[in-house]
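As structure tokens, the structure follows; a few thoughts come after it.
Here, residue 1 is the first one in the sequence, and each next residue gets the next number.
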Amino acid sequence: MLLFEETGGLDLDATLRCGQTFLWRPLEGGGWAGTAAGRAVTARMEGKALVLEGADEADRAFWERYFALDLDYPALLGRFCAGSKRLAACVEHSPGIRVLRQPFFETLCCFIISQNNNIPRITAITGRLCEGLGAPLGGGLHAFPAPEVLAALRPEDLAFLRAGWRAEYLIDAARWVALGLVSEAALTSLPDAEARALLMTVKGVGPKVADCVLLYSLSRWSVVPMDVWMKRAMARLFPRGAPVCCRPYQGIAQQFIFDYARDVLPRKTADKKTTKPRRND
């Protein structure tokens, strides 16, 4: 078990429900079960502390980085709130959200699956992918399949996912990664525009999916993934662009903007649907 007493105001539920990760499942009675990079844990909050059951002390640095506990969020959010009243409203709506640092290949595949999809269905598909092809980790959890495993398959082999045309894209992504043509190391060495262009050489990866990988896996905090809903939210709340106070952390700011817009704007905007939007329209 690992205990992180200093979490800087982390809200585990808000963080794992906000559409940036699809490999965690809520548990009856509270807490979450999930995997990352071949590690399976159950996570819960005890007061302000984060408890990870099943995690080894040797993995403390991994989970600290995964949950962004090494970033001074209170100071960052204080800067956001001091610089913009509208951004302050977004932050104050759910101040405990944290932008995770997720494994590269898992993030790439999850956001390929996310295209034209909703969060429950994305979560169901990723669950079937891990259960069908991933190594068992105990407790009913499975690791995310390695690139080499997916690369050896054909689209019809993934029919059990019920992912439609996304199956072909997953296999193409796996082959690029397995061959080393697209790698975390290569992407890390490139500026944002070139890294985005490299990711977009993978079949089915457009600017939105590429930017999600850059933000949610590679910690490119200035990158802002833009889907239809975020464009509407930005047009309504920040028509002149992201406030200066959030630079170069616009990507982190957008997570608060999206969560606020998802919960508040539909009820305040008569000409929009009143249901919560999909994360990846």
With sequence neighbours left out, write down each residue that passes side-chain contact (heavy atoms from CB on, under 4.5 Å) with [X], or none if nothing qualifies.
| X | answer |
| --- | --- |
| Ala152 | none |
| Val224 | Met226, Gln250, Gln254 |
| Glu57 | Leu2, Arg60 |
| Arg121 | Asn117, Asn118, Ile125, Arg166 |

Exercise for review: Quick one: which residue pairs count as a salt bridge (Lys or Arg N to Asp or Glu O under 4.0 Å) with a foot in residues 243-261, not counting sequence neighbours?
Suggested key: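 Output for this query lists Asp259-Arg262.
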
Exercise for review: Sort and list the pairs that fulfil salt bridge (Lys or Arg N to Asp or Glu O under 4.0 Å) and have at least one residue in residues 185-194, not counting sequence neighbours.
Suggested key: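 Passing the test, one end in residues 185-194: Asp192-Arg220.
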
Review point. Taking the six-membered ring for Trp, are Tyr216 and Phe111 ring centroids under 6.0 Å apart?
Key: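 They qualify: ring centres under 6.0 Å apart.
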
Review point. Who passes side-chain hydrogen bond (donor to acceptor under 3.5 Å, both in side chains) against Glu168, sequence neighbours left out?
Key: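 Counting only residues at least two positions away or on another chain, Glu168 forms a side-chain hydrogen bond (donor to acceptor under 3.5 Å, both in side chains) with Lys203.
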
Exercise for review: Evaluate salt bridge (Lys or Arg N to Asp or Glu O under 4.0 Å) for Asp70 paired with Arg65, printing each intermediate quantity in order.
Suggested key: CA-CA 6 Å; Asp70 55 341; Arg65 187 175 186 279; 5.5 Å; no

Check your understanding: Which pair of non-hydrogen atoms, one from Leu87 and one from Ala253, has the smallest distance, and what is that distance?
Key ->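 Heavy-atom minimum between the residues: CD1-CB, 4.2 Å.
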
Quick one: are [X] and [Y] in side-chain contact, heavy atoms under 4.5 Å?
| X | Y | answer |
| --- | --- | --- |
| Thr123 | Trp24 | no |
| Val202 | Val209 | no |
| Leu23 | Cys110 | yes |
| Cys109 | Phe144 | yes |
| Gln102 | Tyr66 | yes |
| Leu76 | Asp72 | no |
| Phe80 | Pro243 | no |

Donor-acceptor under 3.5 Å ([X] side chain, [Y] main chain):
| X | Y | answer |
| --- | --- | --- |
| Gln115 | Gly204 | yes |
| Asp263 | Tyr260 | no |
| Ser94 | Ile97 | no |
| Gln20 | Cys212 | no |

Practice item. Compute whether any side-chain donor of one residue and acceptor of the other, for Ser219 and Arg101, lie under 3.5 angstrom apart. Key: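 Arg101 and Ser219 do have a side-chain donor-acceptor pair below 3.5 Å.
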
Review point. Got a sec, which pairs hit side-chain hydrogen bond (donor to acceptor under 3.5 Å, both in side chains) with one end in residues 28-49, sequence neighbours left out?
Key: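 Applying side-chain hydrogen bond (donor to acceptor under 3.5 Å, both in side chains) to every pair that reaches into residues 28-49, excluding sequence neighbours, yields Asp13-Trp32, Arg39-Asp59, Arg44-Glu46, Arg44-Glu53.
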
Review point. Which residue pairs pass the side-chain hydrogen bond (donor to acceptor under 3.5 Å, both in side chains) test with at least one member in residues 130-149, sequence neighbours excluded?
Key: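 Not a single pair qualifies under side-chain hydrogen bond (donor to acceptor under 3.5 Å, both in side chains).
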
Exercise for review: List the steps, then state whether salt bridge (Lys or Arg N to Asp or Glu O under 4.0 Å) holds for Arg175 with Asp172.
Suggested key: CA-CA 5 Å; Arg175 289 173 178 170; Asp172 189 69; over 6 Å; no

Review point. When rounded to the nearest 0.5 angstrom, what is the spacing between CH2 in Trp229 and CZ in Phe258?
Key: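 One finds 8.5 Å between CH2 of Trp229 and CZ of Phe258.
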
**Study point:** Non-neighbouring partners of Phe62 that pass ring-ring contact (aromatic ring centres under 6.0 Å, His included), sequence neighbours left out
**Key:**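 For Phe62 there are no ring-ring contact (aromatic ring centres under 6.0 Å, His included) partners, ignoring immediate neighbours.
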
Check your understanding: Who are the ring-ring contact (aromatic ring centres under 6.0 Å, His included) partners of Tyr169, not counting sequence neighbours?
Key ->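 Trp165.
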
Check your understanding: Which hydrophobic side chains are connected to Leu141, either touching it within the sub-4.5 Å cutoff or through other members that do?
Key ->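 Direct or chained contacts put Leu141 with none.
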
